[in-house]
Peer 1: 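I am attaching a structure below and will ask some questions about it afterwards.
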Amino acid sequence: MDSDRRRDENQDADWIFATDDPQTLPTERLPDRAEFDRYAAPLLARRRAEAVLPPSEQMTTDLSDLDGEALRAGSEPEARTGAIPMIELDEDDSDSGDGADDATGATGAADDSPGSAGSTSGSEMPGTTSPLRAPRDLTYARSGSTPNAEDSEDSGRGVDGLVLPDRFKELGVFDALRDVLALVCMVTALTTTFTVAHSTLVDGVGKIAIGVGLVALVAVHLLRWIPKAPPLTAIRAVRVIGLLPALLVAVGTVLSDLVLSLPVLFASLPDGPPVGLGIGVPLLLLGAIIGIEPRAHEGYLPQARARRVARIGLVGVGIGAGVALLLALVMIVGRMFTTGWAYSLLTIGDTVISVLLLGIVLASALLRERSWYVFSTAAVSGLALAALADNTLQLQFAAPLSFASDFVYLPFLFAALGLMISRSFVRTMPISFRRTDWLVFTVRAFEFSVVLHAAAVLWHLLAALVASTGLAPGGTVLHLIDAAVCLCFVAVSLFARTSLLSRPATTARANGVISGLILVVVGFLDVIVNSLATGAGAGLATGGTALAIGIAVALMLTVPAPVRDEFGAPDIARMFADFRSRDSGSVSLLNQVPDVTEETARKKVFPGR
């Protein structure tokens with residue numbers, strides 16, 4: 001299902017509503033005789049090698065008397081707009097201009113149209129163009145069919161009529177969004193929990209590094225867009241040098257927590273962890289990684305070395321996460337004798353969920369699984385956006401962690417996200433979007449739900465055991481009910497995935513939408529119940545993941561325009577057929593052969609008998 005598509009080159013830039021060629025599709029409105037004659041006359045003239053006069057709005061002209069030598073080089077349709085230049089008449093023809101006017105319609109409709117000849121004076125007729133509409137003025141009667149990208153482009157207009165100055169034409173949307181995300185992450189790192197150790201040195205150094213990084217982000221844009229001749233080399237240097245302290249501080253804070261946690265891995269920690277990494281550290285790491293890479297409008301083009309470094313960085317993140325997992329297992333075993341088995345059981349449940357999430361993200365990037373890469377990037381981006389509101393929502397996954405008390409995964413997860421959306425790494429992925437990809441992402445969402453909610457069932461069972469000692473939030477009954485709810489999420493997700501892969505198209509789509517709505521409703525109720533009973537935020541074990549996946553699935557199955565048939569009508573069956581044939585890359589010709597079994601089996605009586 002993840003094989004590269006070989007038919008993407010015929011698709012439009014608007015990949016959500018793309019069609020192979022919307023202008024070849026019939027519409028509700030047929031051209032009238034005048035429009036047909038305007039377009040047909042030059043084609044017929046080229047075929048007969050005869051000259052042709054431009055037709056008027058009302059009628060055509062008999063051009064059989066013209067010599068073929070009269071066809072000028074400029075009488076071909078103009079390549080960009082499709083307008084047909086009018087040929088110049090000879091002196092003999094210009095003397096009978098009044099008669100020609102009479103022959104082409106005495107009402108003067110052609111003279112009043114834009115680009116027409118107007119009136120002739122003397123013995124010359126000025127070279128003008130016939131009144132053809134520009135491609136952007138064409139209408140598309142069928143709902144959902146859109147013009148080609150080259151038809152809708154207008155050099156003088158931007159999006160929704162917004163006109164950007166010429167100096168900003170090189171600014172890409174991808175680079176602009178990454179700079180905005182880096183800015184927001186670094187600002188949030190100033191306002192949220194950085195560490196729980198309340199170390200003046202660590203907090204002070206962190207604020208200084210964040211301030212320097214923010215100044216660098218603002219400075220590079222001022223240097224790029226204010227001068228008429230921006231120094232691109234200096235701008236790239238300012239970006240790297242300015243954001244390097246933020247990156248070093250984030251990595252140094254993680255390493256300091258690791259080093260200070262080693263002597264106390266088996267201690268009960270009554271005073272808390274030695275450092276304790278808050279959500280501010282992963283956000284600072286994410287902002288620094290995203291912002292430190294020079295942009296395309298700064299003259300930077302990732303070469304093979306940069307792409308190789310990005311992949312090596314992801315491998316390094318995976319190795320670091322493996323080391324953190326090993327330390328967490330050692331700490332869990334040691335805490336069974338110092339802190340108690342209840343604490344170790346809850347930590348094992350948290351670790352399993354975190355390892356699964358990290359494994360999905362890193363495997364999708366390193367194994368170059370295109371659909372998993374896109375979906376996992378979107379999922380972790382959602383976690384990053386939710387972490388920006390951690391102070392308000394008090395999310396469980398964004399709680400402060402330490403190597404001395406739990407499996408630290410957020411710094412590695414956000415670092416992997418920063419590398420995966422870097423320009424160096426994106427250029428190594430064969431990413432292409434088609435409308436059938438929405439069905440692929442929907443299947444991935446249900447698979448994601450199955451894996452993580454199965455882990456949530458295990459967590460609730462362990463929490464139910466721990467709740468008997470009074471150390472887990474909520475009671476045993478509540479966790480058993482939550483385990484049953486998560487098991488229902490697994491069953492609904494498996495049912496929807498099977499329907500999308502095997503059921504008839506209309507039924508599969510309906511089952512997917514209904515399954516998404518069930519996840520939304522039940523997940524929302526689960527969030528409310530757990531919030532009131534335990535005070536926990538919306539997380540995997542409390543219905544938050546089911547709520548988010550249900551909304552995403554419902555949108556992916558209903559919002560994108562479906563594939564259309566040869567008449568321009570929505571064709572869900574064809575869309576699902578294209579989706580299910582992704583493994584083979586093509587549809588067998590035998591599928592196009594009609595079933596004639598009944599007809600051949602029927603007895604036929606000879607007409608004469």
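Residues: numbered from 1 along the sequence shown.
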Peer 1: What closest approach, in Å, do Leu362 and Gly318 show between heavy atoms, and which atom pair accounts for it?
Peer 2: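 For Leu362 and Gly318, the tightest heavy-atom pair comes out as CD1-CA, 3.6 Å.
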Peer 1: Other residues, nucleotides and ligands only: do more than 12 of their heavy atoms fall within 6.0 Å of CZ on Phe524?
Peer 2: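 Counting neighbours around CZ of Phe524, 12 or fewer heavy atoms of other residues, nucleotides or ligands fall under 6.0 Å, so no.
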Peer 1: Answer yes or no: is there a side-chain heavy-atom contact under 4.5 Å between Pro274 and Ser261?
Peer 2: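 Answer yes - side chains close enough.
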Peer 1: Going by the side chain to side chain contact (heavy atoms under 4.5 Å, CB included) test, name the single residue among Val196, Ile279, Val408 that passes it with Leu401.
Peer 2: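 Considering Val196, Ile279, Val408, a side chain to side chain contact (heavy atoms under 4.5 Å, CB included) with Leu401 is found only for Val408.
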Peer 1: If we only count heavy atoms from C-beta on, is the Phe579 to Leu501 side-chain gap below 4.5 Å?
Peer 2: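 Heavy-atom side-chain distance check passes, below 4.5 Å.
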Peer 1: Tell me whether Asp257 contacts the main-chain N or O of Gly276 through its side chain, where contact means a donor paired with an acceptor under 3.5 Å.
Peer 2: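 Yes, the answer is positive, given that a donor and an acceptor are paired below the 3.5 Å cut-off.
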Peer 1: Check whether any side-chain heavy atom of Leu214 lies under 4.5 Å from a side-chain heavy atom of Val218, and answer yes or no.
Peer 2: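 Result no, sub-4.5 Å side-chain heavy-atom pair not found.
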Peer 1: Side-chain contact test, heavy atoms from C-beta onward, threshold under 4.5 Å: evaluate it for Phe403 versus Val254 and give yes or no.
Peer 2: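 Of all side-chain heavy-atom pairs linking Val254 with Phe403, at least one is under 4.5 Å.
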Peer 1: Drop me the distance from Glu369's CD to Arg444's CZ, to the nearest 0.5 angstrom.
Peer 2: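 Here the rounded value is 7.0 Å.
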Peer 1: Is there a side-chain contact between Leu190 and Lys207 in this structure, where contact means two heavy atoms from C-beta onward sitting under 4.5 Å apart?
Peer 2: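 Leu190 reaches Lys207 side chain to side chain.
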Peer 1: When you look at CZ of Arg503, are more than 12 heavy atoms from neighbouring residues, nucleotides or ligands closer to it than 6.0 Å?
Peer 2: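 No, CZ of Arg503 has 12 or fewer neighbouring heavy atoms, counting only those of other groups under 6.0 Å.
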Peer 1: Can you name the nearest heavy-atom pair linking Pro560 to Met556, along with the distance?
Peer 2: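 Closest heavy-atom pair between Pro560 and Met556: CD-O, 3.4 Å.
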Peer 1: Are the side chain of Thr338 and the backbone of Phe266 linked by a donor-acceptor contact shorter than 3.5 Å?
Peer 2: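 It does hold such a pair.
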Peer 1: How about Leu500 and Phe446: do any of their side-chain heavy atoms sit closer than 4.5 Å?
Peer 2: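 Heavy-atom side-chain distance check passes, below 4.5 Å.
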Peer 1: Can you label the angle between the Tyr409 ring and the Phe407 ring as parallel, tilted or perpendicular, going by 30° and 60°?
Peer 2: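 Aromatic pair Tyr409/Phe407 classed parallel.
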Peer 1: Between Arg224 and Glu298, is there a salt bridge with N-O shorter than 4.0 Å?
Peer 2: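 No salt bridge links Glu298 with Arg224.
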Peer 1: Are Arg370 and Asp437 side-chain neighbours, meaning at least one heavy-atom pair lies under 4.5 Å?
Peer 2: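 Of all side-chain heavy-atom pairs linking Asp437 with Arg370, at least one is under 4.5 Å.
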Peer 1: Could you check whether the rings of Tyr373 and Phe425 sit parallel, tilted or perpendicular, using 30° and 60° as the cut-offs?
Peer 2: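 Tilted: the ring planes of Tyr373 and Phe425 meet at 30° to 60°.
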Peer 1: List the atom pairs, with distances to 0.1 Å, where a side-chain N or O of residues 280-297 and a protein N or O form a donor-acceptor pair under 3.5 Å, not counting sequence neighbours.
Peer 2:
unit_1 : atom_1 : unit_2 : atom_2 : d
Glu293 : OE1    : Arg178 : NH1    : 2.9
Glu293 : OE1    : Arg423 : N      : 3.0
Glu293 : OE2    : Ser424 : N      : 3.1
Glu293 : OE2    : Ser424 : OG     : 2.7
Arg295 : NE     : Asp179 : OD1    : 3.2
Arg295 : NH1    : Ile290 : O      : 3.0
Arg295 : NH1    : Glu293 : O      : 2.7
Arg295 : NH2    : Asp179 : OD1    : 2.8
Arg295 : NH2    : Ile290 : O      : 2.9

Peer 1: To the nearest 0.5 Å, what is the distance between CG (Leu314) and CG (Leu417)?
Peer 2: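 These two atoms lie 10.0 Å from each other.
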Peer 1: Quick one, Thr347 and Met331 - any side-chain contact, counting heavy atoms below 4.5 Å?
Peer 2: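 Result yes, sub-4.5 Å side-chain heavy-atom pair found.
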Peer 1: Under 3.5 Å, is there a donor-acceptor pair between the side chain of Ser256 and the main chain of Gly252?
Peer 2: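 It does hold such a pair.
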Peer 1: Would you say Arg239's side chain and Ala219's backbone share a donor-acceptor pair under 3.5 angstrom?
Peer 2: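 Here the side-chain-to-backbone pair does not exist.
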Peer 1: Distance alone, cut at 3.5 Å: any donor-acceptor contact between the side chains of Asn530 and Thr542?
Peer 2: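 There is no such pair between these side chains.
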Peer 1: Once you round to the nearest 0.5 Å, how far does CZ of Phe448 lie from OG of Ser493?
Peer 2: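 Rounded to the nearest 0.5 Å, the CZ-OG separation comes to 11.0 Å.
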Peer 1: If you round to the nearest 0.5 Å, how far is CG of Leu385 from SG of Cys185?
Peer 2: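 With rounding to 0.5 Å, SG (Cys185) is 8.0 Å from CG (Leu385).
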Peer 1: What's the verdict on side chain to side chain contact (heavy atoms under 4.5 Å, CB included) for Leu243 and Met186, showing C-alpha distance, side-chain angles and the deciding distance?
Peer 2: CA-CA 10 Å; Leu243 287 169; Met186 298 184 71; 3.8 Å; yes
Peer 1: Looking only at atom types and distance, does a side-chain atom of Thr192 sit under 3.5 Å from a main-chain N or O of Thr188, one as donor and one as acceptor?
Peer 2: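 Checked: no pair found.
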Peer 1: Go through it in stages, so that I can follow the logic: the residues are Leu410 and Leu413, the test is side chain to side chain contact (heavy atoms under 4.5 Å, CB included), and I'd like the CA-CA distance, side-chain angles, deciding distance and then a yes or no.
Peer 2: CA-CA 5 Å; Leu410 271 184; Leu413 186 65; 4.3 Å; yes
Peer 1: Would you check, one step at a time, whether the test side chain to side chain contact (heavy atoms under 4.5 Å, CB included) holds for Val553 with Leu519?
Peer 2: CA-CA 9 Å; Val553 163; Leu519 293 178; 5.6 Å; no
Peer 1: Side chain to side chain contact (heavy atoms under 4.5 Å, CB included), that's the test. Do Trp459 and Val352 meet it? Break it down for me.
Peer 2: CA-CA 8 Å; Trp459 187 91; Val352 169; over 6 Å; no
Peer 1: To the closest 0.5 Å, what do you measure between OG (Ser344) and CZ (Arg335)?
Peer 2: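 Rounded to the nearest 0.5 Å, the OG-CZ separation comes to 8.0 Å.
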Peer 1: Look up atom CG in Leu277 and atom CG in Asp406, then write down how far apart they are to the nearest 0.5 Å.
Peer 2: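 These two atoms lie 11.5 Å from each other.
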